[in-house]
> 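Please read through the structure below; I'll follow up with questions.
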Amino acid sequence: MRSPLRHVTRRGLLTGTLGSAALLATAGTLAGCGTKGAQQTEAGCKSDDLSATEKKLAFSNWPQYMDVDEKDESKRPTLDAFIAKSGIQVTYTEDVNDNNEFFGKVQNQLAGCQTTGRDIMVLTDWMAARMIRLGWIQKLDKAKLPNVEANLLPSLRGRSFDKDSQLAIPWQSGLAGLAYNAKVAKEIRTVDELLTRPDLKGKVTALSEMRDTMGLLLQSNGHDPANFTPAQFDDALNKLKKAVDSKQIRKFTGNDYAPDLAKGDIAACIGWSGDVIQLGFEDEKIKFVVPESGVMLWSDNMLVPNKATHKANAEELINYYYDPAVAAKLAAYVNYICPVKGAQAEMEKIDPDLAANPLIFPDDAMLSKSKVFMALDEKQEKEYETKFQQVIGA
């Protein structure tokens with residue numbers, strides 16, 4: 001088993017002042033020009049597939065989001081096995097460090113119907129939704145993805161930005177919920193407890209990722225974060241503002257809450273399952289809690305951009321990672337929620353403790369309480385982000 005917090009968390013890298021500012025700037029730029037010249041259509045931006053004659057593939061992913069050999073970190077066992085099995089040479093690059101930063105890298109090419117030089121890129125739900133909205137992503141051939149069709153978790157099907165699971169295939173998933181340190185805090189079960197309990201005052205942090213914090217607050221008010229109204233958003237935001245004004249919440253963070261939670265400098269927080277599971281390996285007093293009102297489910301998704309010239313090769317790789325045995329090997333390393341049915345049984349052969357961990361293989365009861373945040377259009381994205389940033393003081 002890997003040592004705790006060795007990897008860089010996906011979610012932490014997309015948040016913070018830089019990420020929020022970049023998101024608002026990008027949204028403003030696109031809105032200001034009415035996306036003229038940015039919006040593409042399937043008919044207007046056609047891509048040629050050279051997979052039949054070129055057995056290669058360029059894959060862009062986040063750092064440390066692929067299994068490596070503990071004795072030789074230049075080796076990536078599951079990816080190396082795919083290359084040997086398929087004969088497809090994969091150029092694997094860890095160049096997705098932040099969703100907005102990556103958007104800036106590829107924006108001009110995709111807006112102009114030009115190649116990015118990438119065949120697969122892995123991006124978080126909301127950024128995947130934005131690129132899909134702009135018409136920058138190629139539709140996948142379901143006939144070439146039998147493992148995805150058979151094994152994609154039901155909770156990750158029918159998402160609002162990709163109803164037919166033809167554009168964005170989850171690489172790994174995670175939860176946003178509550179966490180607490182039992183050395184310094186009593187058990188916490190609800191979002192309202194986090195925001196109002198006197199013994200937690202000034203010892204609470206929340207996430208600077210709008211969708212996760214506001215998704216949990218919407219649920220705590222009995223509203224659906226996958227389908228809410230502006231008035232419902234404002235009600236949840238007012239609840240958050242009260243907790244800020246009363247000093248119940250100390251600050252808003254990316255994943256830098258993790259060491260403070262481990263040390264007991266904060267007692268409880270809104271946090272991510274990927275962080276908390278690894279803190280829990282080191283200290284069993286660190287607990288992740290699915291709030292009674294529900295939890296937020298997010299994914300990082302494999303996307304094939306327009307003008308990618310090896311779509312069939314990309315589909316072969318995507319399908320390969322939905323083989324339960326392969327998915328289990330990957331999950332044993334990265335410790336996020338595995339989106340592949342059948343992988344839990346395969347994990348029993350690798351590490352029974354990980355197979356039993358509900359933060360890697362959530363049970364149906366946990367997944368039934370999970371929601372994916374509603375896909376936003378450009379106007380909504382800018383409006384909701386601006387309001388949220390004003391409240392959190394970013």
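Because the structure is predicted, anything quoted here is derived from the model rather than measured.
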> Using every non-hydrogen atom in the two residues, find where Ala258 and Leu279 come nearest and quote the distance to one decimal.
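Result for this residue pair: O-CD1, 3.7 Å.
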> Just by modelled atom types, is the Thr309 backbone N or O under 3.5 Å from a matching donor or acceptor in the Asp119 side chain?
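Judged by distance alone, yes, a pair lies under 3.5 Å.
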> In the structure I gave you, are the side-chain heavy atoms of Asp212 and Phe373 within less than 4.5 Å of one another anywhere?
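Contact flag for Asp212/Phe373 side chains = no.
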> Start with the C-alpha gap between Tyr333 and Thr78, add the side-chain angles, then the distance that decides, and say whether side chain to side chain contact (heavy atoms under 4.5 Å, CB included) holds.
CA-CA 11 Å; Tyr333 184 85; Thr78 60; over 6 Å; no
> Checking Ser60 against Asp95: is there a side-chain donor and acceptor pair closer than 3.5 Å?
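Yes, because at least one side-chain N or O of Asp95 sits under 3.5 Å from a partner of the opposite role on Ser60.
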> Taking all non-hydrogen atoms of both residues, which atom of Gln248 and which atom of Leu195 are closest, and how far apart?
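So the minimum-distance heavy-atom pair works out to CG-O, 3.1 Å.
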> If we only count heavy atoms from C-beta on, is the Met131 to Phe161 side-chain gap below 4.5 Å?
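Side chain of Met131 against side chain of Phe161, heavy atoms only: no contact under 4.5 Å found.
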> Mind running side chain to side chain contact (heavy atoms under 4.5 Å, CB included) on Thr93 and Asn61 for me, showing each step along the way?
CA-CA 6 Å; Thr93 309; Asn61 206 347; over 6 Å; no
> Side chain to side chain donor-acceptor pair (under 3.5 Å): which pairs involve residues 157-170, sequence neighbours left out?
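Applying side chain to side chain donor-acceptor pair (under 3.5 Å) to every pair that reaches into residues 157-170, excluding sequence neighbours, yields Asp125-Arg159, Arg159-Asn301.
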> Could you tell me which residues satisfy side chain to side chain contact (heavy atoms under 4.5 Å, CB included) with Asp192, sequence neighbours excluded, listed by chain and number?
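Residues passing side chain to side chain contact (heavy atoms under 4.5 Å, CB included) with Asp192: Thr190, Ser220, Lys239.
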> Could you check whether atom NZ of Lys387 has more than 12 heavy atoms from other residues, nucleotides or ligands sitting under 6.0 Å from it?
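Yes - once you tally the heavy atoms of other residues, nucleotides and ligands closer than 6.0 Å, there are more than 12.
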> Side chains of Met121 and Met127: does their closest heavy-atom pair fall under 4.5 Å?
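No - every pair of side-chain heavy atoms lies 4.5 Å or more apart.
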> So which pairs with a foot in residues 54-159 pass disulfide (SG to SG under 2.5 Å), sequence neighbours left out?
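Of all non-adjacent pairs touching residues 54-159, those that pass disulfide (SG to SG under 2.5 Å) are Cys45-Cys113.
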> With hydrophobic residues grouped by side-chain heavy-atom distances under 4.5 Å, do Leu152 and Val340 end up in a single group?
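Yes, because Leu152 and Val340 connect within a single hydrophobic cluster, where side-chain heavy atoms sit under 4.5 Å apart.
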> Kindly give the heavy-atom pair with the smallest separation between Asp377 and Gln380, and that separation in Å.
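It is OD1-N, 2.7 Å.
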> Just to verify, what does Tyr320 make a ring pair (Phe, Tyr, Trp, His ring centres under 6.0 Å) with, not counting sequence neighbours?
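Once residues adjacent in sequence are excluded, the partners of Tyr320 under the ring pair (Phe, Tyr, Trp, His ring centres under 6.0 Å) criterion are Phe82.
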> Please name all residues satisfying side-chain hydrogen bond (donor to acceptor under 3.5 Å, both in side chains) with Tyr322, sequence neighbours left out, ordered by chain then number.
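For Tyr322 there are no side-chain hydrogen bond (donor to acceptor under 3.5 Å, both in side chains) partners, ignoring immediate neighbours.
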> Could you work out, with side chain to side chain contact (heavy atoms under 4.5 Å, CB included) as the rule, every residue matching Ala179, not counting sequence neighbours?
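Ala179 satisfies side chain to side chain contact (heavy atoms under 4.5 Å, CB included) with Leu261, Cys269, Val276 only.
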> Shared ILVMFWY cluster between Leu50 and Leu140, side chains joined below 4.5 angstrom?
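No: no chain of side-chain contacts under 4.5 Å links Leu50 to Leu140.
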> Tell me, with the steps shown, if Glu378 and Arg133 meet side chain to side chain contact (heavy atoms under 4.5 Å, CB included).
CA-CA 9 Å; Glu378 289 162 22; Arg133 187 177 72 220; 3.1 Å; yes
> How about NZ on Lys56, more than 12 heavy atoms from neighbouring residues, nucleotides or ligands closer than 6.0 Å, or not?
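Not more than 12 within 6.0 Å, no.
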> Using only atom types and a distance under 3.5 Å, with no angle test, would you say the side chain of Arg211 pairs donor to acceptor with the backbone of Val372?
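Such a contact is absent between Arg211 side chain and Val372 backbone.
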> Apply side chain to side chain contact (heavy atoms under 4.5 Å, CB included) to Gln114 and list each qualifying residue two or more places apart in sequence or on a separate chain.
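Scan of Gln114 (side chain to side chain contact (heavy atoms under 4.5 Å, CB included), adjacent residues dropped) gives Gln109.
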> For Asp256 and Gly254, indicate whether the former's side chain and the latter's backbone hold a donor-acceptor pair under 3.5 Å.
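Side chain of Asp256 to backbone of Gly254, a donor-acceptor pair under 3.5 Å: yes, one is there.
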> Are Ile83 and Val68 connected into the same hydrophobic cluster when the rule is that any two of I, L, V, M, F, W, Y join if their side-chain heavy atoms are below 4.5 Å apart?
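Val68 and Ile83: one cluster.
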> Answer yes or no: does atom CG of Asp72 have more than 12 heavy-atom neighbours from other residues, nucleotides or ligands under 6.0 Å?
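Above 12, so yes.
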> May I ask you to check whether over 12 heavy atoms, not counting those of Lys307, lie within 6.0 Å of atom NZ?
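Buried by this count: over 12 neighbours within 6.0 Å.
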> Could you tell me which residues satisfy ring pair (Phe, Tyr, Trp, His ring centres under 6.0 Å) with Tyr384, sequence neighbours excluded, listed by chain and number?
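With sequence neighbours excluded, Tyr384 shows a ring pair (Phe, Tyr, Trp, His ring centres under 6.0 Å) to Phe228, Phe233, given in chain and number order.
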> Hey, are Asp275 and Tyr257 close enough side-chain-wise for a donor-acceptor pair under 3.5 Å?
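Yes, Asp275 and Tyr257 have a side-chain donor paired with an acceptor closer than 3.5 Å.
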> I need the single residue from Tyr336, Tyr92, Tyr321 that forms a ring pair (Phe, Tyr, Trp, His ring centres under 6.0 Å) with Tyr65. Which is it?
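With Tyr65 as partner, ring pair (Phe, Tyr, Trp, His ring centres under 6.0 Å) holds for just one option, Tyr336.
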> Using the test ring pair (Phe, Tyr, Trp, His ring centres under 6.0 Å), find all partners of Phe361 that sit at least two apart in sequence or belong to another chain.
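Once residues adjacent in sequence are excluded, Phe361 has no partner under the ring pair (Phe, Tyr, Trp, His ring centres under 6.0 Å) criterion.
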> Testing the basics here: between Pro225 and Met296, what is the closest heavy-atom pair and its distance to 0.1 Å?
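Nearest pair, atom of Pro225 first, then Met296: CG-SD, 3.7 Å.
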> Within the distance-only criterion (no hydrogens, no angle test), does the side chain of Lys201 pair as donor or acceptor with the backbone N or O of Lys247 below 3.5 angstrom?
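Answer holds: no.
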> For His223, is there any backbone N or O sitting under 3.5 Å from a side-chain donor or acceptor partner on Asn221?
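No, because the side chain of Asn221 does not come within donor-acceptor range (under 3.5 Å) of the backbone of His223.
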> With a 4.0 Å cut-off, would you call Lys142 and Glu315 a salt bridge?
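No.
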> Side chains of Val244 and Ile392: closer than 4.5 Å at any heavy-atom pair?
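Side-chain contact under 4.5 Å: no.
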> So, for Lys144 and Pro146, which heavy atoms are closest and what is the spacing to 0.1 Å?
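Result for this residue pair: C-CD, 3.2 Å.
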> Just checking Trp136 against Phe103, ring centres under 6.0 Å apart?
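Yes, they do, as the ring centres are separated by less than 6.0 Å.
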> Show, in sequence, the C-alpha distance, side-chain angles and deciding distance for Asp260 and Lys251, and conclude whether the salt bridge (charged side-chain N to carboxylate O under 4.0 Å, His left out) test is met.
CA-CA 12 Å; Asp260 289 339; Lys251 62 181 178 178; 3.6 Å; yes
> With a 4.0 Å cut-off on N to O distance, would you call Arg197 and Asp199 a salt bridge?
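Yes, Arg197 and Asp199 are salt-bridged.
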> Is there a side-chain contact between Leu297 and Leu175, using heavy atoms and a 4.5 Å cut-off?
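They are in side-chain contact.
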> Decide if atom NZ of Lys371 counts as having more than 12 heavy atoms of other residues, nucleotides or ligands within a radius under 6.0 Å.
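Result for NZ/Lys371: open.
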> Looking only at atom types and distance, does a side-chain atom of Gln138 sit under 3.5 Å from a main-chain N or O of Ala308, one as donor and one as acceptor?
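Judged by distance alone, yes, a pair lies under 3.5 Å.
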> Return the set of residues passing side chain to side chain contact (heavy atoms under 4.5 Å, CB included) with Lys285 (not counting sequence neighbours), or none when no residue passes.
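Testing Lys285 for side chain to side chain contact (heavy atoms under 4.5 Å, CB included), a comparison that skips the adjacent residues, returns Asn181, Ala182, Lys183, Asp283.
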> Would you kindly confirm whether Val184 and Ile188 end up in one hydrophobic cluster when ILVMFWY residues are joined by side chain heavy atoms under 4.5 Å apart?
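They do not share one cluster, since no chain of ILVMFWY contacts under 4.5 Å joins Val184 to Ile188.
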> Should we count CD of Glu42 as having more than 12 external heavy atoms under 6.0 Å?
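No, CD of Glu42 has 12 or fewer neighbouring heavy atoms, counting only those of other groups under 6.0 Å.
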> Could you walk me through whether Asn313 and Asp49 pass the side chain to side chain contact (heavy atoms under 4.5 Å, CB included) check?
CA-CA 9 Å; Asn313 292 344; Asp49 192 355; 6.0 Å; no
> Kindly indicate whether the side chain of Trp62, heavy atoms from C-beta on, has any atom under 4.5 Å from the side chain of Thr124.
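With C-beta onward as the side chain, the pair touches.
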> For Asn357, what residues pass the side-chain hydrogen bond (donor to acceptor under 3.5 Å, both in side chains) criterion, not counting sequence neighbours?
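Testing Asn357 for side-chain hydrogen bond (donor to acceptor under 3.5 Å, both in side chains), a comparison that skips the adjacent residues, returns none.
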> Who pairs with Ser173 by side-chain hydrogen bond (donor to acceptor under 3.5 Å, both in side chains), at least two apart in sequence or on another chain?
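Once residues adjacent in sequence are excluded, the partners of Ser173 under the side-chain hydrogen bond (donor to acceptor under 3.5 Å, both in side chains) criterion are Ser299.
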> Is a donor on one side and an acceptor on the other found under 3.5 Å between the side chain of Asn306 and the backbone of Gly135?
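Side chain of Asn306 to backbone of Gly135, a donor-acceptor pair under 3.5 Å: yes, one is there.
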> Do Val106 and Pro305 have side chains that approach each other closer than 4.5 Å (heavy atoms only, starting at C-beta)?
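SC-SC contact between Val106 and Pro305 ruled out.
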> Heavy-atom distance under 4.5 Å between the side chains of Met210 and Leu376, does that happen here?
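Side chain of Met210 against side chain of Leu376, heavy atoms only: contact under 4.5 Å found.
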